[in-house]
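Everything below concerns the one structure shown next.
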Amino acid sequence: MTTAREIMTADVTCVGEHESVRDAARTMATLGVGSMPICGTDSRLKGMLTDRDIVVKVLAEGRDPAAVTAGDLAQGKPVTIGADDDAREILRTMGQYQVRRLPVIDGHDLVGIVAVADVARALPDEPVGDLIDAISER
């Protein structure tokens with residue numbers, strides 16, 4: 001069975017937990033991505049920052065994106081997948097937590113990101129269709 005390590009995007013850029021949301025948004029725009037992992041000074045994953053987080057939790061609330069840090073938006077323990085977990089486990093985790101992207105962890109190190117599209121390329125259509133239904137129930 002295909003593993004996360006085999007289908008993930010390995011070249012991952014983190015936003016530092018002390019970086020402003022404004023700087024994070026600029027990095028996201030430059031990279032052309034809608035989400036980024038938030039990493040602490042200890043290089044451990046603290047959470048994920050999405051463009052939706054920036055709009056809903058900062059802009060819509062009238063908060064200053066230059067004053068809010070990425071770490072301020074990190075909530076709870078991030079949902080991750082192990083580098084050697086198989087594609088079916090990735091699907092199960094994405095469906096359970098209704099997420100489209102998962103940080104891939106090897107030990108405590110962030111080694112990549114796996115997205116629904118990565119899984120779709122690696123598996124037959126039916127399980128992926130079930131996942132899309134599960135994460136679209138929001």
Side-chain angles (χ1 to χ4, degrees):
M1 177 66 65
T2 304
T3 66
R5 187 184 312 275
E6 294 169 322
I7 62 173
M8 71 185 187
T9 300
D11 186 22
V12 178
T13 301
C14 279
V15 58
E17 67 180 326
H18 299 294
E19 285 185 58
S20 73
V21 169
R22 181 183 62 197
D23 291 341
R26 287 181 179 153
T27 301
M28 291 168 73
T30 299
L31 295 174
V33 298
S35 67
M36 290 181 68
I38 303 168
C39 294
T41 54
D42 58 1
S43 297
R44 289 200 169 178
L45 182 67
K46 303 297 182 187
M48 290 291 289
L49 177 67
T50 67
D51 46 10
R52 185 176 191 284
D53 291 332
I54 294 169
V55 171
V56 173
K57 298 176 183 174
V58 180
L59 300 177
E61 292 181 5
R63 297 167 72 186
D64 180 0
V68 177
T69 66
D72 292 338
L73 300 183
Q75 296 179 338
K77 184 178 182 212
V79 177
T80 62
I81 197 77
D84 296 317
D85 288 344
D86 67 35
R88 298 223 182 263
E89 180 63 17
I90 296 167
L91 284 177
R92 187 195 66 72
T93 303
M94 285 179 164
Q96 178 181 351
Y97 293 97
Q98 296 186 318
V99 296
R100 290 172 167 75
R101 288 170 202 83
L102 285 171
V104 180
I105 303 296
D106 190 359
H108 293 290
D109 299 326
L110 176 67
V111 295
I113 296 282
V114 67
V116 171
D118 300 322
V119 181
R121 285 188 288 272
L123 285 179
D125 293 340
E126 186 176 330
V128 176
D130 293 343
L131 169 65
I132 299 300
D133 288 343
I135 61 178
S136 297
E137 290 177 1
R138 293 176 148 199

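In this chain, numbering begins with 1 at the start of the sequence shown. None of these values were measured; they are calculated from a predicted model.
Nearest heavy-atom pair, T93 versus T80, reported as atom, atom and distance to 0.1 Å: CG2-O, 4.1 Å. Across all their heavy atoms, A83 and V104 have their closest contact at CA-CG1, 3.4 Å. Between A66 and S20, the shortest heavy-atom distance links the atoms O-CB, 3.5 Å. Nearest heavy atoms, A70 versus G16: CB-O, 3.7 Å. The nearest pair of heavy atoms linking A4 to G82 is CB-O, 3.6 Å.
V56 meets the side-chain contact (heavy atoms from CB on, under 4.5 Å) test with R52; sequence neighbours excluded. In this view, D72 and T69 satisfy the side chain to side chain donor-acceptor pair (under 3.5 Å) rule, not counting sequence neighbours. Every residue meeting the salt bridge (charged side-chain N to carboxylate O under 4.0 Å, His left out) condition with D106, not counting sequence neighbours, appears here in chain and number order: R5. The side-chain contact (heavy atoms from CB on, under 4.5 Å) search around D53 returns L49, T50, K57, L73, not counting sequence neighbours. Here D118 pairs with R121 under the salt bridge (charged side-chain N to carboxylate O under 4.0 Å, His left out) rule; sequence neighbours left out. Every side-chain contact (heavy atoms from CB on, under 4.5 Å) that D42 has, sequence neighbours left out, goes to R44, K46. Residues passing the salt bridge (charged side-chain N to carboxylate O under 4.0 Å, His left out) test with E89 are R92, sequence neighbours excluded. The side-chain contact (heavy atoms from CB on, under 4.5 Å) test applied to A25 returns I54, not counting sequence neighbours.
Judged as a salt bridge (charged side-chain N to carboxylate O under 4.0 Å, His left out), not a single pair has a partner in residues 6-19 (not counting sequence neighbours). Screening residues 14-50 for disulfide bond (SG atoms under 2.5 Å apart) gives C14-C39 as the qualifying pairs, with residues at least two apart or on separate chains.
For the pair D109 (side chain) and V111 (backbone), a donor-acceptor distance under 3.5 Å is absent.
Of the inter-residue distances, the one linking M94 atom CE with L102 atom CG reads 4.5 Å to the nearest 0.5 angstrom.
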Under 3.5 Å, side-chain donor or acceptor atoms of residues 27-38 against the rest of the protein: list the pairs with distances, not counting sequence neighbours.
residue	atom	partner	partner atom	Å
T27	OG1	D23	O	3.1
T30	OG1	R26	O	3.0

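Grouped by direct or indirect side-chain proximity (heavy atoms under 4.5 Å, Ile/Leu/Val/Met/Phe/Trp/Tyr only), L45 sits with V12, M48, I105, L110, I113.
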